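Here is the structure we will look at, set down as structure tokens.
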Amino acid sequence: MDFTKNPETAVLHSGYRADPTTNAVAVPIYQTTSYQFEDTGHARRLFALEEIGNIYTRVMNPTNDAFEQRMAALEGGVAALAVSSGQAATTLSILNIAGTGDNIVSATGLYGGTWNLFANTLKTFGIEVRFVDASDPENFRRATDERTRAYYAETLPNPMLKVFPISEVAAIGEELGVPLILDNTASPVICRPFDHGAHIVVYSCTKYIGGHGNSIGGVIVDGGRFDWEKHAGRFPMLNQPDPSYHGAVWTEATKPMGPVAYIMKARCTLQRDLGMALSPFNTFNFIQGLETLPLRMREHCANAQAVADYLAGHPLVAKVIYPGMSASEPQERVERYLTGGRGGLVGFELKNDDPEAGARFIDALQMIYHVANIGDTRTLAIHPASSTHQQLSAEDQLATGVTPGYLRLSVGIENIEDILADIGQALDASADAKAVAA
Ligand code: PLP
């Protein structure tokens, strides 16, 4: 039976059924650093990649393996690599194919931390990031040259919440030989980027996948569809002998394992050298989260839609930002990509242009948490301009979709009446400073 066909089943049954030594049904936490080799021949074969098996937990671990297989199944990919944070996933996804003198082309609609990584830290590594407006997919083509190694974007960019034109940009990438890497953190289950032509998917598991706000982690999923050999000149790191791995050519060495050159190289070189390993304890939490992810996403989407509708009809609200609600966004695109719902994030702007009104809204919340996070079971709120996007210039904030009055909600799975009641009383307080003091 194929356990990978439907997401609800894939997250429960793919990749692991029972522990081979104890028959335990829950995935055990293999809290070990290392693994006994059967003999020196076994060790030699493992290090030479002639046989796949456990060597050291920085590079692989059975708990992580079960999670990686489930994530690959959920996404319709061929393999995955679990890492210590969403930021680690993004960083490794780029460093795996780009080095000094190379560039990537990225959409401007990015999480603030990714913006900083791209605009500043990657620059110190000699990697240029060319930011383009994704509302015209052709901007990716225009910014491409012979040193372009990847296109990067968020499926549902937070906080802009305008769905990315996946197949349009992936098609340009296929033509020019550039893979599309998508951060799908805000839209697991509701969008499967590989179905639309994306090549690599990254996640911050810290958000919806873990879902309970208790662990930081990330994952890179390889779709296995990009032809690295066809574009060998663009990807020397995958097609030329790697001196760090006794001269292995990754596209050749991994052939017997399937189209996994990209993810195997990331594991065997970058994870080995940079050590962004995910603790199996955190992985266990992600496996628990994953089991109910499809169920939770349905509830997040239903509650968020109700919140968006409520805000759209509220007299104190100037604008609601939610997929499908903007006249400037092609509706056809929203429907084509967000097949399982519109997501759990809702942005809005108050009519009151007093810069303190947003702060009063946040400070008046009673149930909803004021935290720098999304994708929790609980409803969360934040004012990005003064928090997650504070380190960006005013101009860069606008490019990522953050206006001074923007408020973001990550709508949880509480009873919708309680969510709306808290938002309603905080809106009243935003209009009246005295109400907060009372
Ligand atoms: N990608 C997106 C869309 C995010 O919202 C975040 C964090 O907020 C990250 C990546 C980074 O993830 P992490 O905090 O797990 O490093």
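Note that the structure is predicted; figures quoted are calculated from it, not measured. Whatever order the structure lists them in is the order used to number ligands and atoms, beginning at 1.
- Between E154 and ligand 1, a contact under 3.5 Å exists for no N or O pair.
- In terms of protein heavy-atom proximity, atom 4 (C) of ligand 1 is nearest to Y111 CG, 3.6 Å.
- Checking only distances, I374 never comes within under 3.5 Å of ligand 1, N or O to N or O.
- Y35 and T57 share a side-chain donor-acceptor pair at under 3.5 Å.
- Between W115 and F131, the angle of the ring planes stays under 30°, which puts this pair in the parallel group of the 30/60° scheme.
- Atoms of ligand 1 lying under 4.0 Å from any heavy atom of S85, numbered from 1 in the order shown and given with element: 15 (O), 16 (O).
- Protein heavy atom closest to atom 14 (O) of ligand 1, with residue, atom name and distance, is K207 NZ, 4.0 Å.
- At a 4.0 Å cut-off, not a single heavy atom of G375 sits close enough to ligand 1 to count as contact.
- Closest protein heavy atom to atom 1 (N) of ligand 1: D183 OD2, 2.6 Å.
- In terms of protein heavy atoms, atom 16 (O) of ligand 1 is closest to Q87 N, 2.9 Å.
- Screening F235, Y262, Y245 for a ring-ring contact (aromatic ring centres under 6.0 Å, His included) involving W250 leaves a single residue, Y245.
- With ligand atoms numbered from 1 in the order given, ligand 1 contributes 15 (O) to contacts under 4.0 Å with heavy atoms of G217.
- Ranking protein heavy atoms by distance to atom 15 (O) of ligand 1, first place goes to T206 OG1, 2.6 Å.
- By the 4.0 Å N-to-carboxylate-O rule, K265 lies too far from D242 to be salt-bridged with it.
- Residues H314 and F348 keep their aromatic ring centres 6.0 Å or farther apart.
- Ring geometry for Y208 versus H300: interplanar angle over 60°, hence perpendicular rather than tilted (30 to 60°).
- Salt bridge absent: R147 and E128 never bring a charged side-chain N and a carboxylate O closer than 4.0 Å.
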